[in-house]
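The model shown is predicted, which means the values in this text are computed figures rather than measured ones.
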There are 2 protein chains.
Amino acid sequence: MSSANAIAQLQNQGHRITTARRVLLEIFDASRRPLNAQDINQALTRQGVKVNTSTIYRELQFLQKQGLVNPLQLSTNQLYYESAQLPHHHHLVCDSCGSIDPVECHEVESPLRRLETRVNQTGFTITNHTLEFYGTCAGCR
Amino acid sequence: MSSANAIAQLQNQGHRITTARRVLLEIFDASRRPLNAQDINQALTRQGVKVNTSTIYRELQFLQKQGLVNPLQLSTNQLYYESAQLPHHHHLVCDSCGSIDPVECHEVESPLRRLETRVNQTGFTITNHTLEFYGTCAGCR
DNA sequence: AGTTTAATGCAACTCATTTGCATATGTCAA
DNA sequence: TTGACATATGCAAATGAGTTGCATTAAACT
């Protein structure tokens, strides 16, 4: 269970381990797909933990600053986050039901690195990229 | 000038060509980078055309529905649009100054198509993808 | 147990975008 | 041309995600 690592890391840096924070880390640890503030609210409620919305937003920013979660902006109007511990991957987003699932993209990784090298030589330093696929999932067809 | 084509297309379908609509199409035609509602507002003002904000938003949705512009959601909190007539490309987004520039990505296109074929066989039908690069532009370093 | 200060709750706020409705203006027919 | 009619617009109010100020609560250290 790697939320334990995250907790140890935060404790070492003098941050407090509150119930909200601990359960939130466990939720990210258990989820293989990105979560938005609303998803997290529901997950917390399901576990019997009541947390104010503003606390959730603050906590997400905090965890991002600590490098424990990564933000993910999709073509929706909500910001998603996922565990930073997941191996590099991209996403399949269903335009119909909104489901978001990870995809391994081994075919594109080395071409992407090649492209990034080329672009870096033009003066633009790439630090990050987003690659998401939109369409219709098996269940919605 | 391809905004003329767009205008002809809209007229054929019985839509009215208002000043706002015509100038907006010209603006998209002349811009090689994506524009958000604010950019468009400024561009219209610069041309001496006063258009209400809600009209801009409605017009952008309209043009999108007509297939004349494509939406582009970046890691900012604003929605961008660009002409649908531009050849396939992706973007370099500067985290520092917010500039957005197109990139040709020939290295990745065929690996992407291969990946899409593979994914389509799993039951998820991909119709679209987004690929954007974030980092620091030459001017900001 | 008491102290300190990070974390929380609450309510009010911001900012992009949307919507309802009354008015104005393209466009088409007479 | 002019008038009729529906589309497009302006305005103001609403929405919805996310943020912020401030008083209170509660981890964690002594």
Side-chain angles (χ1 to χ4, degrees), chain A residues 3 6-27 34-45 47-66 68-81 98 100, chain B residues 6-25 27 34-45 47-66 68-81 98 100:
Chain A
S3 67
I7 287 172
Q9 172 188 323
L10 293 179
Q11 276 177 327
N12 285 344
Q13 297 178 5
H15 299 293
R16 296 180 184 172
I17 307 306
T18 62
T19 308
R21 183 164 290 169
R22 184 174 39 75
V23 177
L24 226 149
L25 285 169
E26 289 165 6
I27 288 167
L35 304 169
N36 62 28
Q38 197 178 288
D39 296 333
I40 288 165
N41 203 359
Q42 288 170 1
L44 286 167
T45 304
Q47 308 215 6
V49 182
K50 268 268 173 307
V51 179
N52 192 273
T53 321
S54 62
T55 301
I56 293 177
Y57 284 110
R58 275 192 280 235
E59 198 59 30
L60 288 170
Q61 290 184 338
F62 172 80
L63 295 178
Q64 181 185 348
K65 214 173 293 173
Q66 301 306 314
L68 295 171
V69 300
N70 291 323
L72 176 65
Q73 178 75 63
L74 302 173
S75 289
T76 61
N77 55 350
Q78 288 156 183
L79 190 53
Y80 286 79
Y81 291 87
I100 305 167
Chain B
I7 288 172
Q9 171 187 324
L10 293 179
Q11 276 177 326
N12 285 343
Q13 298 178 5
H15 299 291
R16 296 181 184 170
I17 307 306
T18 61
T19 309
R21 183 163 290 169
R22 185 176 38 75
V23 177
L24 225 149
L25 285 169
I27 287 168
L35 305 169
N36 62 28
Q38 196 177 289
D39 296 334
I40 288 165
N41 203 358
Q42 288 170 2
L44 286 167
T45 304
Q47 310 217 4
V49 183
K50 267 267 172 309
V51 179
N52 192 273
T53 319
S54 63
T55 301
I56 293 177
Y57 284 108
R58 275 191 281 235
E59 199 58 30
L60 288 170
Q61 290 184 339
F62 172 81
L63 296 179
Q64 181 184 350
K65 214 173 294 172
Q66 302 305 315
L68 295 171
V69 300
N70 291 323
L72 176 64
Q73 178 74 65
L74 302 173
S75 288
T76 60
N77 54 351
Q78 288 155 186
L79 191 52
Y80 286 79
Y81 291 86
I100 304 168

Qualifying salt bridge (charged side-chain N to carboxylate O under 4.0 Å, His left out) pairs, either residue in residues 68-81 of chain A, two or more places apart: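 Passing the test, one end in residues 68-81 of chain A: no pairs.
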Identify all pairs in which a protein N or O lies below 3.5 Å from an N or O of nucleotides 23-30 of chain D, and state each distance.
residue, atom, partner, partner atom, Å
D/dA28, OP1, A/I17, N, 2.9

Atom [atom1] of [X] and atom [atom2] of [N]: how far apart are they, to the nearest Å?
X	N	atom1	atom2	answer
B/L24	D/dT9	CG	C1'	13 Å
B/N77	D/dT19	CG	P	9 Å
B/Q13	C/dG26	CD	C1'	17 Å
B/N41	D/dT9	CG	C1'	14 Å
B/Q66	D/dT7	CD	C1'	13 Å
B/I56	C/dT19	CD1	P	17 Å
A/R21	C/dA7	CZ	P	4 Å
A/N36	D/dG16	CG	P	15 Å

Close residues, residues 57-65 of chain B, relative to DNA chain D [heavy-atom separation under 4.0 Å]: B/R58, B/E59
Whichever of B/G14 and A/T53 has its nearest DNA chain D nucleotide further upstream toward 5': B/G14
side-chain contact (heavy atoms from CB on, under 4.5 Å) partners of [X], counting only residues at least two apart:
X	value
A/I7	A/Q11, A/I17, A/R22, A/L25
A/E59	A/R21, A/L24, A/F62, A/L63
A/D39	A/L35, A/N36, A/Y80
B/N77	none

Upstream residue (5' side of DNA chain C) when A/V51 and B/Y81 are each assigned their closest nucleotide: A/V51
Axial bend angle, the helix from C/dA1-D/dT30 to C/dA30-D/dT1: five-pair end segments, nearest 10°: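 Inter-axis angle at the ends, rounded: 30°.
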For B/S75, side chain to side chain donor-acceptor pair (under 3.5 Å) partners two or more places apart: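 Result, side chain to side chain donor-acceptor pair (under 3.5 Å) vs B/S75: B/Y134.
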Any residue meeting side chain to side chain donor-acceptor pair (under 3.5 Å) with B/N52, in chain and number order, not counting sequence neighbours: B/S54
Test side-chain contact (heavy atoms from CB on, under 4.5 Å) applied to B/L68 and B/L10, step by step: CA-CA 10 Å; B/L68 295 171; B/L10 293 179; 3.9 Å; yes
Test log, rule side-chain contact (heavy atoms from CB on, under 4.5 Å), inputs A/T45 and A/K50: CA-CA 6 Å; A/T45 304; A/K50 268 268 173 307; 4.0 Å; yes
Contacts of A/R58 that satisfy salt bridge (Lys or Arg N to Asp or Glu O under 4.0 Å) - sequence neighbours left out: none
Partners passing salt bridge (Lys or Arg N to Asp or Glu O under 4.0 Å) against B/R16 (at least two apart in sequence or in another chain): none
Residue pair A/L60 / A/I40, side-chain heavy-atom distance below 4.5 Å: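 A/L60 vs A/I40: side chains touch.
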Presence of B/N52 side-chain N/O under 4.0 Å of D/dT9 phosphate oxygens OP1/OP2: no
side-chain N/O B/T55 vs D/dG10 OP1/OP2, d < 4.0 Å: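 Looking at the OP1 and OP2 atoms of D/dG10, one of them is under 4.0 Å from a side-chain N or O of B/T55.
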